[in-house]
> 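Have a look at this one.
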Number of protein chains: 2
Amino acid sequence: MIESAPVQPVFRALADPTRREIISMLAAGARPVGDIAAAFDITRPAIAKHLRILEDGGLISVEVKGRERINRLNPQALKTASDWLNYFDGFWDERLAKLKTVVEDKK
Amino acid sequence: MIESAPVQPVFRALADPTRREIISMLAAGARPVGDIAAAFDITRPAIAKHLRILEDGGLISVEVKGRERINRLNPQALKTASDWLNYFDGFWDERLAKLKTVVEDKK
DNA sequence: ATAACATGAAACCATAAGGTTTTATGTTGT
DNA sequence: ACAACATAAAACCTTATGGTTTCATGTTAT
C-alpha cells in the first residue's frame, strides 16, 4: 500500500489519549489554549505541545485572535486516517467471499 | 466521548510506519515472523517486537504451528479505530448543516 | 541423534515523547 | 500607562520506544 497523503503525522497525533480527548472536546466547538488546558490536569505548556502535534497532523487549525489562539477541529484530517483503515475492508471482504465460495463448493 | 473498547492499544499500534507496513503485508495473507522480517531492513527481534504490539492492539492473531508463528491480520480491530474516527463525522455534518441553514436564511 | 531452523528472551543503547518550571513577549481592559 | 492576561519558548527531567546483539529453547529434516 502506498501512503498517498502524509498519514504518519496524523496517526502520530492520534496515538496519544490526551490528544484524542482534545479532539473530542474540539468537536463541540473551537477553543483557545487556556480553555482546553483548564479541562486537564496537566500544565498549559503540555497542552500547547499536544496542540502543536495535532496541528502538524492537520487535525486542527489555529486562528490567532489577539492574544488568544483559537483551536478548531479539522475533521478532513480524520478522514485521512479513516481512509487508510477502510482500505483494508476490501481485502477482508474478498477473503470472506472466497471463504464463502469454498464453503459453497463443498456442498 | 467515552472510549468504549480499549482503543488506546489500537491507535498505539497504528502509530508506527513499520507496523502499518506489516499490516499492509498481512492483508495479502498470513505470514510467519521470519517471512515478515525478510521484507524489512531491521532485525528479526525488532519485527517480533512490532508484532507483539500489533497483537496487543488485537490487530493480528498468532497461530503457533510447529516452530513457526503464523501472524494473521485481524481487520476487526481496524474497525475499532475506524469507528472512533467516524464518530466525528456526525459532528462535522451537523456543523455543515447548520452553516448551510444560515446561508439559506440569508437569501 | 544431531545439525539447521524459527523463534523467544534478556540486556543494553540512543533518541523520542510527555511532562515540568522558568522566562519572555505581545494584548487588552481600566 | 500599566497590571493582568494568553501564550510562546527554552531548558530540563524521566520514561517509553525502536533498535541492536547475544544467548536460550523448542522443532524439523536427514
Side-chain angles (χ1 to χ4, degrees), chain A residues 3 6-26 29-74 77 81, chain B residues 3 6-26 29-74 77 81:
Chain A
E3 293 191 352
V7 80
Q8 175 55 29
V10 179
F11 276 113
R12 194 254 172 144
L14 289 169
D16 183 88
T18 301
R19 287 195 289 269
R20 287 199 305 279
E21 274 194 65
I22 292 174
I23 289 172
S24 294
M25 181 172 307
L26 294 182
R31 292 181 189 283
V33 181
D35 239 45
I36 299 166
F40 291 84
D41 286 338
I42 61 181
T43 59
R44 194 191 306 246
I47 294 292
K49 280 191 188 179
H50 282 308
L51 290 170
R52 182 60 176 282
I53 292 169
L54 286 167
E55 202 183 349
D56 286 347
L59 290 157
I60 63 171
S61 56
V62 182
E63 180 194 351
V64 179
K65 206 165 188 176
R67 62 182 165 186
E68 284 185 335
R69 285 169 66 90
I70 312 294
N71 300 277
R72 178 168 286 109
L73 186 62
N74 178 8
Chain B
E3 293 191 352
V7 80
Q8 175 53 30
V10 179
F11 276 112
R12 194 256 171 141
L14 290 169
D16 184 87
T18 300
R19 288 194 289 269
R20 287 199 306 280
E21 274 195 64
I22 292 174
I23 290 172
S24 294
M25 181 172 306
L26 294 182
R31 291 181 189 284
V33 182
D35 239 45
I36 300 167
F40 291 84
D41 286 338
I42 61 181
T43 59
R44 195 190 307 246
I47 294 292
K49 280 190 189 178
H50 282 308
L51 290 171
R52 181 61 175 283
I53 292 169
L54 286 167
E55 202 183 350
D56 286 346
L59 290 157
I60 63 171
S61 56
V62 182
E63 180 194 351
V64 179
K65 205 165 187 176
R67 63 183 165 185
E68 286 185 335
R69 285 168 65 90
I70 312 295
N71 301 276
R72 177 167 286 110
L73 186 62
N74 178 7

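Within every chain, numbering begins at 1; the chains are lettered A, B, ... in the order of the sequence lines, protein sequences first and strands thereafter. What you see is a predicted model, and the numbers here were worked out from it, not measured in a lab.
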> Could you give the distance from CD1 (A:I47) to CG (A:D35), rounded to the nearest 0.5 Å?
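Nearest 0.5 Å value for the CD1-CG distance: 11.5 Å.
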
> Within the side chain of B:R12, is there an N or O that forms a donor-acceptor pair under 3.5 Å with the backbone of B:I53?
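Answer holds: no.
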
> Distance check needed: C:dA16 C1' versus B:D16 CG, whole Å only.
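Roughly 12 Å, once rounded to whole Å.
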
> Can you give me the first and the last nucleotide of DNA chain D (5' to 3') that has an atom within less than 4.0 angstrom of a non-hydrogen atom in chain B?
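Counting from the 5' end, contacts occupy D:dT17 to D:dT28.
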
> How long is the span from the CD1 atom in B:I42 to the NZ atom in B:K49, to the nearest 0.5 Å?
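Here the interatomic distance stands at 10.5 Å.
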
> Atom CD1 in B:I23, atom CD in B:E21: separation rounded to 0.5 Å?
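Result: 11.0 Å between the selected atoms.
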
> Side chains of A:M25 and A:F40: does their closest heavy-atom pair fall under 4.5 Å?
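Side-chain contact under 4.5 Å: yes.
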
> Please list, in numerical order, the residues of residues 31-39 of chain A that have a heavy atom closer than 4.0 Å to any atom of DNA chain D.
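Listed by number, they are A:P32, A:V33, A:G34.
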
> Ignoring hydrogens and angles, tell me if any N or O in the side chain of B:Q8 forms a donor-acceptor pair with the backbone of B:G57 under 3.5 Å.
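Not confirmed, B:Q8 side chain does not pair with B:G57 backbone.
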
> B:F11 and A:A15: which non-hydrogen atoms are nearest, and at how many Å?
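In terms of heavy atoms, the two residues are closest at O-CB, 4.0 Å.
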
> What residues from residues 41-58 of chain B pass a heavy-atom cutoff of under 4.0 Å to DNA chain D?
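Correct list: B:I42, B:T43, B:P45, B:A46, B:K49, B:H50, B:I53.
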
> How long is the gap from CG on A:L26 to CZ on A:R72, to the nearest 0.5 Å?
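One gets 9.5 Å once the value is rounded to the nearest 0.5 Å.
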
> Within residues 62-71 of chain B, find the residues that approach DNA chain D with a heavy atom at under 4.0 Å, and present them sorted by residue number.
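Per residue number, the list reads B:G66, B:R67.
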
> Quick check against the 3.5 Å criterion: does B:N74 have a side-chain atom that pairs as donor or acceptor with the backbone of B:S61?
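Side chain of B:N74 to backbone of B:S61, a donor-acceptor pair under 3.5 Å: no, none is there.
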
> Does B:R69 have any salt bridge (charged side-chain N to carboxylate O under 4.0 Å, His left out) partners at least two apart in sequence or in another chain, and if so, which?
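Once residues adjacent in sequence are excluded, the partners of B:R69 under the salt bridge (charged side-chain N to carboxylate O under 4.0 Å, His left out) criterion are B:E55.
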
> Compute the bend angle of the helix from C:dA1-D:dT30 to C:dT30-D:dA1 from the end axes (five pairs per end), rounded to 10°.
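Rounded value for the end-axis angle: 30°.
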
> Kindly compute the distance separating CD1 (A:I60) from CG (A:L54), expressed to the nearest 0.5 Å.
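A:I60 atom CD1 to A:L54 atom CG measures 5.0 Å (nearest 0.5 Å).
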
> Indicate yes or no: at least one non-hydrogen side-chain atom of A:L59 is less than 4.5 angstrom from one of A:I22.
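With C-beta onward as the side chain, the pair stays apart.
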
> Can you tell me how far the OG1 atom of B:T18 sits from the CD1 atom of B:I36, to the nearest 0.5 Å?
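Reported value, rounded in 0.5 Å steps: 12.0 Å.
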
> Check whether any side-chain N or O of A:R19 sits under 3.5 Å from a backbone N or O of A:A13 as a donor-acceptor pair, and report yes or no.
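Checking the backbone N and O of A:A13 against the side chain of A:R19, a donor-acceptor pair under 3.5 Å is found.
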
> Provide the closest heavy-atom pair for A:A30 versus A:I70 in the form atom of the first, atom of the second, distance.
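Smallest interatomic distance, heavy atoms only, reads CB-CG2, 3.6 Å.
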
